[in-house]
Amino acid sequence: MFWEVVAVCAAGVAAGAINAVVGSGSLITFPTLVAVGVDPVVANVSNNIGLVPGSFTAAYGYREELKGQRERLLRLAPASCLGSLIGGILLLFLDPDVFQVVVPVLIALACVLVVVQPRLNGWLAARRENPHPHGGIALWLGVFAAGVYGGYFGAAQGVLLIGLLGSFLDDGIQRVNAAKNVLSLIVNATAAVLFFFIAHVDWWAVLAVALGATAGGFLGARIGRRIPAPVLRGIIVVVGIVAIVKLVYG
């Protein structure tokens, strides 16, 4: 039990740091929880709640880059909140067998997005003309869809958000990343409130993930930008493959 808690805390640190910089930290914490014996649906719910403190520290760490984005985030926050509620409800009321089938596909998709996202963003940005200062309705709908995904299964929602924000907004990557951290926090916190009242939660798992993710969020905001992005992407993809194998083959 002790070493399992240590492993989950360590995964939380890594996830908090990666979420602050890239996104996809759930690809580390979720399979770790499954590996120590937590039911996949309970692991997803507990992981979501546990990552909320890390999302907050990551957003706080990017507070300088958030200056001047208040109106933008106020416009996009309802999309993240509503999407997360729908995603969380889908997770809780769809047949659990659907989760077992869908999650490996989502992880595989997330891994692909992690690999191709820089090239995809460049391709989209090159075709962007006269961008709306807040992204317009297209970005709002995209953030809503990312919220549904994040409420159902949060892995790589940060990658999705960076791709959307970077494609629709005429802004620097660090400011885009700061906005991503706030929207991810809204998604995770909204789903966490829902899960707190109506879902089965493993509170030991929540505590272990939260302790690690809180520290990781600070570390990611302070030094994560110095870590080469290819290294982070490689780690995420490897862990994602391990998660797929674990879920499919047990």
Side-chain angles (χ1 to χ4, degrees), residues 1-62 103-104 106-108 110-111 114-115 150 153-159 177 180-181 184-185 187-189 191-192 195 201-250:
M1 177 67 179
F2 173 77
W3 291 111
E4 291 177 351
V5 172
V6 170
V8 174
C9 281
V13 172
I18 290 174
N19 279 342
V21 181
V22 180
S24 306
S26 288
L27 287 180
I28 293 178
T29 46
F30 173 73
T32 301
L33 290 174
V34 173
V36 299
V38 182
D39 174 81
V41 174
V42 176
N44 190 33
V45 168
S46 304
N47 177 63
N48 183 291
I49 298 174
L51 287 176
V52 171
S55 298
F56 175 81
T57 55
Y60 180 77
Y62 277 84
V103 166
L106 294 179
I107 294 176
C111 290
V114 167
V115 173
F153 183 64
Q157 69 161 317
V159 175
N177 196 41
K180 175 269 292 181
N181 284 337
S184 294
L185 170 61
V187 170
N188 289 341
F195 295 153
V201 179
D202 186 325
W203 290 106
W204 283 110
V206 169
L207 179 61
V209 171
L211 289 174
T214 301
F218 274 119
L219 289 173
R222 289 177 63 86
I223 65 174
R225 282 171 286 180
R226 302 176 186 175
I227 301 174
V231 175
L232 285 176
R233 296 181 193 282
I235 293 171
I236 293 167
V237 170
V238 169
V239 173
I241 292 172
V242 171
I244 292 171
V245 172
K246 174 68 178 178
L247 286 169
V248 173
Y249 296 104

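Atoms considered below: every heavy atom in the structure, side chains included; atoms not considered: hydrogens, waters and symmetry mates. All values derive from a computational prediction rather than experimental measurement.
Minimum interatomic distance between I18 and G25 (heavy atoms only, all atoms of both residues): CG2-N, 4.1 Å. Smallest separation of non-hydrogen atoms from G61 and A221: CA-CB, 3.6 Å. Shown here for P53 and G50, the closest heavy-atom pair between the two residues is CD-O, 3.2 Å. Pairing each heavy atom of V201 with each of F195, the nearest pair is CG2-O, 3.9 Å. Nearest heavy atom pair, residue A205 against residue V8, reads O-CG1, 4.3 Å. Nearest heavy-atom pair, F30 versus P40, reported as atom, atom and distance to 0.1 Å: CE1-O, 3.3 Å.
Without hydrogens or angle criteria, T57 side chain to T214 main chain gives a donor-acceptor distance under 3.5 Å. Under the 3.5 Å distance criterion, the side-chain polar atoms of N177 are matched with a main-chain donor or acceptor of A20. In terms of modelled atom types and a separation under 3.5 Å, the side chain of S184 and the main chain of G158 share no donor-acceptor contact.
Partner of L185 under the side-chain contact (heavy atoms from CB on, under 4.5 Å) criterion, chosen from L51, N19, V52: V52.
A donor-acceptor contact under 3.5 angstrom links the side chains of N47 and S26, judged on distance only.
Rounded to the nearest 0.5 Å, atoms CG (L207) and CD1 (I49) are 12.0 Å apart. Interatomic distance, CD1 of I28 versus CG of L33, reported as 12.0 Å (0.5 Å rounding). Considering CH2 of W204 and OG of S46, their distance stands at 13.5 Å, rounded to 0.5 Å.
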